[in-house]
A.B. asks: 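Below you'll find the structure I mean.
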Amino acid sequence: MAILEVTNIRKSFDKTEILKGIDFTLEQGETLAVIGSSGSGKTTLLRCLNFLETTDEGRIVVNGETLLDAPEQKKRSDREVRAARLHFGLVFQSFNLFPQYTALHNIMLAPQLHLNGRQDAPDRRTSQAEIERRARGLLEQVGLADRADYYPHQLSGGQQQRVAIARALILEPDILCFDEPTSALDPELTGEVLKVIRSLAERHMTMIIVTHEMAFARDVADRVIFMDDGVIVEQGTPEQLFGATQQERTKQFLSRYNEQ
Amino acid sequence: MTFQQQLPIVLDALNVGFLQTLRLFFVTAVGAIPLGLIIAFGSMSRFRPLSWLTRLIVWIVRGTPLMIQLLIIYYFPGLVWHNPIWGSGESGRFLAAAIAFIFNYACYFSEIYRGGIQSVPRGQQEAGLVLGMTRTQIFFKVTLLQVVKRIVPPMSNEIITLVKDTSLARIIALQEIIWAGQAFMKGRSGISGVIWPLFFTAFYYLIFTGVLTVLLRGLERRLDYFR
Ligand SMILES: Nc1ncnc2c1ncn2[C@@H]1O[C@H](COP(=O)(O)OP(=O)(O)OP(=O)(O)O)[C@@H](O)[C@H]1O
Ligand SMILES: [Mg+2]
């Protein structure tokens, strides 16, 4: 069974339809790359999946659990929305680390708050220590063990993005989404971030990666989706899409990249 | 009376007046700092009538002199309803002045808060949301300190202005330090026709604003650890 089933997602802003019925599924451990020209709705799709936008129409099912069935069940409590969100993680283009906390504290903040909100919390002290242990482990995993006590402004963009990845990972989302994780970075810093994402793919983290890094998508993704103007034009393996696409629109898009 | 004889009498009177100045300052600060936040939330409300009403009130309060507001609040109930609700004497004047000051400053503060809250990038809130935080958690754990950092410099300006604005309460005869200094021109405690006590009040303001400036700079520096 697919870990994620997305059916007929539609989203309009002020009467302009931005997502015109998006369907796809994702298998456990699969890495999906989403490519497409600017304005095609890639960010909007990720934001719908993370419930940052109210989806007008469509279904989102994770592990057989229906998280969204719009417009039928539009009115959901904040608690339900938060629970649904936790199935997904999102890494932003602009990192969005909390500037007043150190790298370590950025990672620990959300699990600490979730711990406070629970009545059945076991022993608080051990739980706190456990959160810190896991946060340090994740910093190590993204290669920043020695930067635990640095504030975001003391870190490079690439380092900030790696902290942001660790911050998303500590909540153990079923599906981790990336919105152009390297677009805000200087070229020499993209490598360190892509390396972390690649290692996650090797560990079979289920991921959706919106990216303009075609070589990376081709290399890391199990499957690629090409979006244009609010629809999925084509999906398939990287070999199919990058090597032997039959679609005119895909060809045009890719040829623009090859010229650059 | 020689200057040496005048000095202790004058200083005693000015100290008493300055105590009233300080009371008005602290009561205003303590009242207006939280009230301003409530007004700021009102003006940012997604419920249109509330935000319009709030902005209208803020516009009126910021668009008219505090001195007029003091006079209206102090005299209006007595003149119009024939019911001088403030009571007579210094405590009534203080209450009226405190209400006028708190409301006026809360409106100024609310605009500073609103600017501060809106200047925190949306991505901060969204990052909190995707991590499953509640809006309350996001406000207190993510947004608030960033807002505080941004508003400390403009708030410092307003607070220094407030110290000096307390002298406007003289208009309803609140016995603050200017009133105390002026009294020696008309005659008080056997001293009359001297103007230096009034000029001398400036030192009180100068020293107090100096102390506040140092404290607020300290606060600003304590928030320097992040950007
Ligand atoms: N909040 C919004 N209000 C109105 N229009 C919006 C909003 N967000 C996005 N849009 C519009 O939706 C369209 C798709 O935007 P989106 O950000 O999803 O594109 P994208 O594929 O991520 O592009 P890019 O590659 O440039 O990031 C754009 O035309 C954009 O102007
Ligand atoms: Mg985008």
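Lettering of chains follows the sequences in order, A, B, ..., and the numbering in each one begins at 1.
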A.B. asks: Testing the basics here: between B:M133 and A:R82, what is the closest heavy-atom pair and its distance to 0.1 Å?
C.D. replies: O-CD, 3.5 Å
A.B. asks: Can you name the one residue among A:L52, A:L90, A:N50 that meets side chain to side chain contact (heavy atoms under 4.5 Å, CB included) with B:L129?
C.D. replies: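 Only match with B:L129 under side chain to side chain contact (heavy atoms under 4.5 Å, CB included): A:L52.
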A.B. asks: Which of residues 131-146 of chain A have a heavy atom under 4.5 Å from any heavy atom of chain B?
C.D. replies: none
A.B. asks: Flag yes if more than 12 heavy atoms outside A:F13 fall under 6.0 Å of its CZ atom; otherwise flag no.
C.D. replies: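 Yes.
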A.B. asks: Applying side chain to side chain contact (heavy atoms under 4.5 Å, CB included) to A:Y151 and B:R227, what does each step give before you reach the verdict?
C.D. replies: CA-CA 9 Å; A:Y151 287 92; B:R227 296 217 180 109; over 6 Å; no
A.B. asks: Would you say CZ of B:F103 has more than 12 non-hydrogen atoms from neighbouring residues, nucleotides or ligands within 6.0 angstrom?
C.D. replies: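 Check fails, neighbour count at 12 or below.
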A.B. asks: Looking at every non-hydrogen atom in both residues, tell me the closest pair between B:L131 and A:L171 and how far apart they are.
C.D. replies: O-CD1, 3.4 Å
A.B. asks: Has the side chain of A:Q100 got a donor or acceptor atom that lies under 3.5 Å from a matching backbone atom of B:Q146?
C.D. replies: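 It does not hold such a pair.
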A.B. asks: What part of A:L86 gets closer than 4.5 Å to chain B, counting heavy atoms only: side chain, backbone, both or neither?
C.D. replies: side chain
A.B. asks: Hey, what do you get for CD (B:E126) to OG (A:S94), rounding to the nearest 0.5 Å?
C.D. replies: 8.5 Å
A.B. asks: Select, from A:L97, A:V91, A:D78, the one with the greatest count of heavy-atom pairs under 4.5 Å involving chain B.
C.D. replies: A:L97
A.B. asks: Using modelled atom types only, decide if a donor and an acceptor are shared between the side chain of A:N96 and the backbone of B:G123 within a distance under 3.5 Å.
C.D. replies: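 Indeed, once roles are kept as given, a pair shorter than 3.5 Å links the two residues.
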A.B. asks: Taking side chain as everything from C-beta outward and backbone as N, CA, C, O, which of these in A:R79 sits under 4.5 Å from a heavy atom of chain B? Side chain, backbone, both or neither.
C.D. replies: neither
A.B. asks: Return the set of residues passing side chain to side chain contact (heavy atoms under 4.5 Å, CB included) with B:S91 (not counting sequence neighbours), or none when no residue passes.
C.D. replies: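 None.
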A.B. asks: Take atom NZ in B:K141; do more than 12 heavy atoms of anything else shown fall under 6.0 Å from it?
C.D. replies: no
A.B. asks: Counting only heavy atoms not in B:Y225, do more than 12 sit closer than 6.0 Å to its OH atom?
C.D. replies: yes
A.B. asks: Side chain, backbone, both or neither: which part of A:I170 has a heavy atom under 4.5 Å from chain B?
C.D. replies: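 Neither; nothing under 4.5 Å.
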A.B. asks: How close do A:H114 and B:G132 get, heavy atom to heavy atom, and via which atoms?
C.D. replies: CE1-O, 3.1 Å
A.B. asks: Tell me, out of A:F98, A:F51, A:F92, who's got the most heavy-atom pairs with chain B below 4.5 Å.
C.D. replies: A:F98
